[in-house]
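For reference, the structure discussed in these notes is given below.
Here is how names work: the chains are called A, B, and so on, in the same order as the sequence lines, proteins then strands, and each is numbered from 1. Every value quoted in this text rests on a predicted model; they were computed, and no experiment measured them.
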Amino acid sequence: MTSVGSADFIRILPELILSVFALLVMMLEPVTPLGKKTVLGWVAIAGVILAGLASFAIAYFPGSAFSASISNDGFSNYLIELLLLIAGLVLLGSMAYLERDAIDHGEFYALILMATVGAAFMVASTELIMVFIGLEISSISTYILAGYKRGEMQSNESSVKYFLLGSFATAFFLYGIAFVYGLTGTTNLDVVRETLVNSPQSASPQLLWLAVILMFVGLAFKVSTVPFQIWTPDVYQGAPAPVTAFLSTAPKAAAFAVLVRVFVGSFDHVASAGPVVFWLLWISAVLTMCLGNLAALWQSNVKRLLAYSSIAHAGYMLVGITAGGAEGTSAVLFYLAGYALMNVGAFILIAHLAGSDERYTNVQDFTGLAADRPGMAACLTVFMLSLAGFPSTVGFFAKFYVFRSAMHAHLTGLTIIALLNSVVSVYYYLALVVAMYMGEGKTQVSESSVPRALGFAIAVSLLGIFFLGLFPSGLLRDLNSLHVPWL
Amino acid sequence: MIPLSHILLLSVILFTLGAAGFIIRRNVITVFMCIELMLNAVNLAFIAFARRLPGLDGQLFVFFVIVVAAAEAAVGLAIIVALYRNRNSLAIDDVDSMKL
Amino acid sequence: MATFSDTEFFLIETVIKIALIMFILLTAIAYLTWLERKVIAHIQSRWGPYLVGPHGLLQPLADGLKFMFKEDIAPLEADPVVYWLAPFLAFLMAFLSIAVIPFGESFTLAGHVIQLQITDLNVGLLFVFAVTSLGVYSVALAGWSSNSKYPLLGGLRSSAQMISYEVSLSLGVIGVLMIAGTLSLREIVNQQAGLWAHAGLFSVLPRWNLFLQPLGFLIYFTAAIAETNRIPFDLPEGETELVAGFHTEYSSFKFAIFFMSEYANMVTVSAIATLLFFGGWLGPSFGPYWLRVILPVLWFCLKLFCFLFFYIWVRGTLPRFRYDQLMAFGWKFLLPLGLLNILVTSFVMAWLHS
Amino acid sequence: MEILFYIFGVVAIVAALSVVFQRTPVYSALSLIVVLAALAVIYLLLGAPFIAMVQVIVYAGAIMVLFVLVIMLLNAGHEGPSAHRAKFARWVGPPLLLAFLVEFGVIVWKQYGLTGAASAPALDASPAAIGRLLFKSYILPFEVTSILILVAVLGAVVLAKKQL
Amino acid sequence: MPLSSHILTVATFLPLVGAAIIAFLPRENSGRVRMVALIFSLLTFLVTLALIFGFSRTAGGFQFEENYAWITSPPIHYHMGIDGLSLILIVLTGFLTPLCVLVSWTGITERTKEFHIFLLALETGVIGVFVSLDLFLFFVFWEVMLIPMYFLIGIWGHGRKVYAAVKFILYTMVGSALMLVGIIFLYERSGSFDYPQILAQLSDGSLPLTHTTESLLFWAFLIAFAIKVPLFPLHTWLPDAHTEAPTAGSVILAGVLLKMGTYGMLRFCLPLFPNASREFAGLLSVLAVIGIIYGALVSMVQPDLKRLVAYSSVAHLGFVVLGIFAFNVQGMEGAIYQMVNHGVSTGALFMMVGMLYDRRHTRLIKDFGGLGTTIPVFSTFFMIVTLSSLGLPMLNGFVGEFLIIIGAFHARVLWGTLAAVGVILAAVYLLWMYQRVFLGEVTDEKNREIPDCNRREKWLLTATVAVIIFMGIYPQPFLRQMDVSVARVLTRVNPEPVAAHNSKLPAAPAQAQMAPPPRPRNRATTGGASR
């Protein structure tokens with residue numbers, strides 16, 4: 001019951017700035033003439049940049065805010081910066097797309113900002129109700145974004161499926177929260193941990209397991225692990241490609257952050273829950289990797305293929321979470337950065353190549369792209385190779401760190417399964433490369449030149465991919481020294 | 001007084017019914033209503049626990065859940081209306097323009 | 001809940017109160033219709049009901065008998081359950097909210113303190129709103145279940161309208177709640193006791209919330225008219241457009257129930273307005289004990305009557321809104337005004353407290 | 001008082017069954033409203049009058065009205081016989097859920113038993129107390145829900161408006 | 001001069017610089033692209049030659065070392081260095097790449113720009129593999145090298161090129177995934193990725209490995225290398241990749257890429273896991289012998305020239321593996337020598353098959369016949385290379401095979417015998433092939449019109465043949481470069497003194513009848529080297 005002071009607001013400054021800019025975009029929307037809506041995109045980007053600066057600044061004001069429901073620590077700070085990066089790239093990559101498909105309303109940019117706010121609250125919250133509200137903000141925004149092409153069947157279906165299954169998952173997550181609250185009398189994760197660790201007899205282990213499983217199911221839907229991945233392919237395929245770029249990264253990163261905070265940060269420390277958490281993670285990691293990769297082998301639609309690939313990547317990240325501890329956490333955080341760079345890059349490039357109304361998203365449509373547009377083909381190839389985990393790209397070190405943490409945790413079996421999976425994944429990532437470089441015939445996809453903003457976004461992600469692929473230790477060192485008390 | 005376990009059982013039964021409905025119903029709106037049913041079961045659990053624990057936090061959580069449910073309903077129904085405009089049907093089985 | 005030691009007495013008391021209030025209310029409603037027809041007729045330079053009884057005073061009775069014995073016709077394609085359910089829902093919701101409305105102070109009878117109110121909830125006002133908000137269903141379901149075009153349109157319209165104006169309705173009273181700091185209607189009324197002190201010329205005025213929340217009252221009352229589907233907001237049953245709106249397909253007794261519910265709702269919102277803004281039953285109280293019990297009830301009824309008269313008056317003078325005007329008025333004018341009212345109130349309160 | 005809980009508990013369960021098994025969406029919606037109302041009564045019994053009212057006002061009075069309106073608007077009639085796919089989920093899901101229910105019930109029973117009464121530490125659950133808590137400890141979630149609602153408004157407009 | 005202290009970096013990344021420059025050239029001007037590629041590959045070759053002159057053949061340990069911290073967590077170093085073993089493979093790479101550029105001069109007409117970019121990038125990767133002394137760095141180059149090769153096969157190949165390319169990359173990836181596990185495991189145990197450091201820890205016992213651990217690690221590395229070699233049951237990707245690859249790709253693939261596998265065995269498997277190596281040497285030798293015989297037999301029945309040469313590689317590399325796992329000086333030096341030989345000879349064979357293909361657009365043996373009369377110069381070159389490949393004395397193939405067979409006899413008489421049978425089989429299929437293609441009557445009229453070697457091809461082939469003959473006559477400079485390195489490997493893998501082998505060596509004159517002149521010289525050098 002402390003009163004709210006200015007320090008509290010400083011610690012949520014990035015979120016505040018984003019919210020203000022989202023409002024600004026919405027207020028400017030009616031006064032912006034048709035055909036000039038891109039301006040709103042730039043306003044949104046300005047907001048993202050400002051929020052980014054703010055998040056750098058608030059790194060110097062660590063501590064909790066609002067009755068310990070928000071924590072401004074290295075962990076949240078890093079993830080917020082990552083989310084802002086994603087949002088920025090997606091905004092850059094979507095402006096031309098929206099204009100081309102004549103859906104360039106300011107609402108889109110506002111929604112992206114809102115979804116980012118929600119995700120940012122998710123990663124910064126140390127209190128489950130706040131997590132829940134953040135989750136809902138980001139989920140609801142993304143439901144809308146997925147169905148942003150209202151008149152288009154696939155976009156709409158994507159939205160329906162995402163919405164129904166997302167809400168279903170939310171109910172599970174919430175039920176888990178209810179039981180955690182019932183067992184510990186609090187929803188503050190730090191207090192939950194302390195209560196459970198200090199007086200383990202207060203909660204029946206079975207009920208705790210149920211709470212853990214329920215929360216896991218809820219989060220598993222969000223990060224799309226098997227068997228809760230059923231929505232992912234359809235949603236990713238149906239949503240407008242820049243939206244897919246966003247929702248395959250930002251909400252996922254946030255959900256992973258929550259997964260880490262809840263499971264690694266809290267329940268891992270609890271003796272009676274530890275094994276359940278461990279096996280839950282272990283099994284879903286294996287299932288997710290295997291199913292994601294195997295299913296991806298049969299896909300002919302690029303967006304769908306990348307959807308299954310993102311399921312597989314969720315599996316790899318789960319390996320890191322299974323490993324747990326400070327090392328597993330930093331590996332997962334590193335992975336999230338790499339994954340965001342390559343996935344966003346790939347999707348926004350595909351969004352451009354797919355042409356108006358995304359007519360060309362089949363692998364066959366990319367045939368011969370290398371001959372006609374070698375630059376774009378090369379970029380897409382780099383994204384694919386990075387996703388496949390070739391060295392000198394970030395995808396390699398992402399996997400490497402995760403697998404190393406797993407080996408440190410003596411999860412040799414899991415590591416080997418993961419490695420074999422990543423070999424299998426090479427096949428389908430190369431399918432696209434095969435089509436672009438080795439297929440015969442004229443390419444179907446859009447041959448218009450890359451708009452400047454999109455080009456910039458792609459350049460940023462490429463740079464990031466190579467920089468982190470060649471010099472990963474700087475970031476990893478930072479991640480290792482997050483100084484988060486719960487690790 | 002009413003035993004906590006009875007309230008929780010009621011909550012669990014409602015939750016399970018909601019989840020079952022989510023699985024077996026074929027109408028999008030009904031499915032959505034089943035989700036609402038699940039949320040209500042959660043709320044009941046919160047209230048039951050709040051009764052047992054010191055503080056009103058549990059009741060407050062229900063408040064938030066209701067707010068969230070309202071937001072979700074607004075968006076969800078808008079999505080469903082858009083679905084109907086596109087398909088002229090509300091059957092989930094018809095939502096299949098992408099291969100499974 | 002009430003603080004009676006003797007459960008039996010409590011039960012008996014409650015049942016008697018309910019029966020009494022229902023009787024009074026139903027009679028009042030019946031004569032409200034008479035009043036309405038008379039007043040409107042006079043406004044329009046007509047006589048109104050004149051034949052049945054002196055000045056048509058027995059007209060409501062005749063109408064009631066007619067409703068009872070008329071053939072009940074239901075559309076063939078109507079949804080049987082819902083078609084039947086809707087009017088009773090309307091009736092239930094209209095009369096349920098009366099339960100928490102206090103209409104006088106308490107008195108002691110045979111050692112028992114009897115509240116002039118069916119039940120005193122500490123969230124009384126919320127209860128009223130809760131019940132009112134459920135009233136939408138009867139309209140919506142009646143419209144839908146008739147399986148006919150006009151009722152459906154009327155039902156949709158009125159649901160939209162009622163939801164929209166409910167927001168303003170609540171916003172209007174929030175100012176009062178902020179000042180009162182309670183949701184108990186009895187408490188709110190008690191806080192309005194006495195006259196304004198240190199107010200110079202205005203010291204003669206009672207301490208009604210109206211003077212603190214004039215804007216709030218206006219918002220509330222405007223919204224309340226819309227909420228009860230009365231002219232000028234009676235779009236759901238606008239004869240010129242929709243025959244009779246949601247109850248087009250209803251006849252006989254079911255129609256009567258809708259009819260009664262509408263008037264009951266009028267009574268409820270008027271009662272709330274009286275309680276929140278006009279000091280409820282407060283007024284000059286003197287004389288022996290029984291008089292001091294009766295007088296507040298009298299004041300209350302008087303204030304209520306003024307409101308009801310006002311309703312009728314409005315009906316007699318104002319034309320109907322267009323639907324889009326109605327919605328625009330609700331969302332673009334009333335709602336921001338309500339927010340502004342809250343904002344100003346909170347600033348003033350903060351300033352006064354510091 | 002206790003008997004009221006059981007009565008309304010049974011009402012809630014029956015109505016919930018009706019939500020799930022009615023084939024007409026309107027009946028499902030009405031049944032859900034009954035569930036909501038029954039739960040509101042239970043909340044009242046459990047010492048949460050404010051939440052009970054909010055439940056009725058917001059849930060029954062606003063959310064469910066939206067549902068009913070949409071059902072009316074789209075004139076969603078009977079649900080036809082289930083089509084081709086997803087038989088798997090329909091056959092596997094309910095038994096799984098039943099198992100979950102039983103498991104859950106047993107665990108809850110074991111933990112709290114018959115005696116573990118929901119002991120009421122005479123709480124002041126008045127709106128004022130809730131308001132104080134809301135504006136002190138939970139001010140942030142409260143403020144942040146405004147963003148949520150803004151998003152919802154925005155979304156409803158984006159998705160449902162005829163012409164943007 | 002700072003350049004000389006970074007000569008390995010220069011040698012590794014010079015081709016990449018060339019590739020970068022080509023990337024900025026206009027795509028229409030393929031002549032300039034080829035020129036730049038040629039210049040840079042030649043420059044690289046010069047740098048690698050410079051390595052030879054700076055190389056001290058007596059010094060132990062690694063030379064031209066460069067060691068910088070690259071990544072701090074985990075401690076990965078940019079650690080490069082070479083010894084005799086890597087030196088000759090680097091030179092071989094440097095030698096073959098310009099040849100590849102030249103051989104594709106007219107054959108590659110589509111997307112020349114990309115082709116040369118990939119070719120030069122490939123060279124960077126390959127040299128990087130040979131110079132890396134950090135396990136991690138090694139792995140990075142090992143993987144990076146795959147991608148250009150994949151594109152070379154997939155884009156400029158023939159027939160089922162995509163299938164071949166994907167098969168190639170998947171096979172290798174499986175192996176390297178296992179190797180990565182091994183590397184990470186070693187790192188976990190030793191705390192370092194640095195090869196010399198790990199080797200030192202393993203040698204002085206500060207990093208004890210249990211028997212099982214060592215075996216598992218051994219197999220983790222060995223499978224990766226065996227796939228690359230390819231050793232018998234894992235060889236199935238090779239015929240496809242070789243056959244479908246463009247000529248330059250086949251040349252590099254046969255000439256250098258396969259050597260990465262055997263190089264890896266020599267560099268990592270044997271020194272790091274000597275006990276496991278000894279334990280499984282028998283098994284691997286059997287596989288090698290099977291490879292030799294199998295490769296030869298399958299070659300014999302191939303109707304396709306290129307496929308024939310491809311299968312002959314399986315046989316040849318079988319020899320190499322056999323030599324390595326003989327665990328004596330003769331076997332090992334022979335193996336290394338054979339690696340170079342195979343690179344040059346088979347590379348040359350692929351080049352010439354490619355030239356034939358460019359002329360006739362077929363590779364089927366039955367489409368040719370009597371070419372000796374129509375294109376005599378070409379036939380002569382082909383003859384020399386064929387003879388070199390089958391191990392005729394005085395040509396390079398002989399030295400290597402002979403040393404290996406001696407080594408194999410030392411290890412086990414049966415293997416030596418079978419290997420000798422393999423040599424005979426090689427003679428059979430190669431000569432038979434030559435006979436069908438070049439001798440006899442001209443069966444197809446189309447073969448009459450085909451032109452003989454042009455000037456570029458003559459130069460190309462002359463250079464190759466010169467090397468073949470030089471290596472056959474005068475092998476010492478090559479062998480001496482590797483003496484120290486081989487000895488180091490052997491002391492690690494053989495607990496008993498190497499001298500014991502040498503003393504036994506005279507006991508093997510039984511094979512003298514098929515090995516006349518260079519033997520004593522060889523013995524002399526090996527004897528000197530092992531001390």
Pairwise distance CZ(B:R26) to CZ(D:R23) - rounded to 0.5 angstrom: 10.5 Å

Which of B:L77, B:I79, B:I80 touches chain D most, by non-hydrogen pairs under 4.5 Å: B:L77

Could you tell me whether the side chain of D:L39 reaches within less than 4.5 Å of the side chain of B:N43, counting heavy atoms only? no

Worked verdict on B:M33 versus D:V35 for side-chain contact (heavy atoms from CB on, under 4.5 Å): CA-CA 11 Å; B:M33 285 193 280; D:V35 177; over 6 Å; no

Top contributor to chain D interface from B:I13, B:V81, B:I66, B:L39 [non-hydrogen pairs under 4.5 Å]: B:I66

If you measure only the distance, is there a donor-acceptor pair under 3.5 Å linking the side chains of D:Y59 and B:E36? yes

Working to the nearest 0.5 Å, report the span between CG of B:L56 and CG of D:L134. 11.0 Å

Give the ring-plane orientation class for B:H6 versus D:Y6, where under 30° counts as parallel, over 60° as perpendicular and anything between as tilted. perpendicular

Does the side chain of D:Q22 reach to within under 4.5 Å of the side chain of B:T30, using non-hydrogen atoms? no

What residue, out of D:I130, D:V10, D:V19, has the most heavy-atom pairs lying under 4.5 Å from chain B? D:I130

Would you say that D:I42 contacts B:L10 through its side chain, given a criterion of any heavy-atom pair below 4.5 Å between the two side chains? yes

Gap separating the CG atom of B:L60 from the CG atom of D:L133, nearest 0.5 angstrom: 5.0 Å

From CG (D:L46) to CZ (B:F49), nearest 0.5 Å: 12.5 Å

Quick one: what part of D:F100 sits under 4.5 Å from any heavy atom of chain B, side chain, backbone, both or neither? side chain

Spacing of B:L44 atom CG and D:I51 atom CD1 [to the nearest 0.5 Å]: 12.5 Å

Is D:F142 close to chain B through its backbone or its side chain, or both, or neither, when contacts mean heavy atoms under 4.5 Å? both

With a 4.5 angstrom heavy-atom cut-off, is it the side chain or the backbone of D:L32 that approaches chain B, or both, or neither? side chain

Please determine, among D:A16, D:G155, D:S31, D:A62, the option with the most heavy-atom pairs under 4.5 Å with chain B. D:A16

Can you tell if the side chain of B:T16 reaches within under 4.5 Å of the side chain of D:L98, non-hydrogen atoms only? no

Do D:F5 and B:I7 touch side chain to side chain, with heavy atoms closer than 4.5 Å? yes

Under the side chain to side chain donor-acceptor pair (under 3.5 Å) rule, what do D:Y138 and B:D57 come out as? Steps first, then yes or no, please. CA-CA 9 Å; D:Y138 290 91; B:D57 306 51; 2.7 Å; yes

Check whether any side-chain heavy atom of B:I24 sits under 4.5 Å from a side-chain heavy atom of D:F21, and report yes or no. yes

Counting heavy-atom pairs under 4.5 Å to chain D, which of B:V62, B:L17, B:L14, B:V75 comes out on top? B:L17

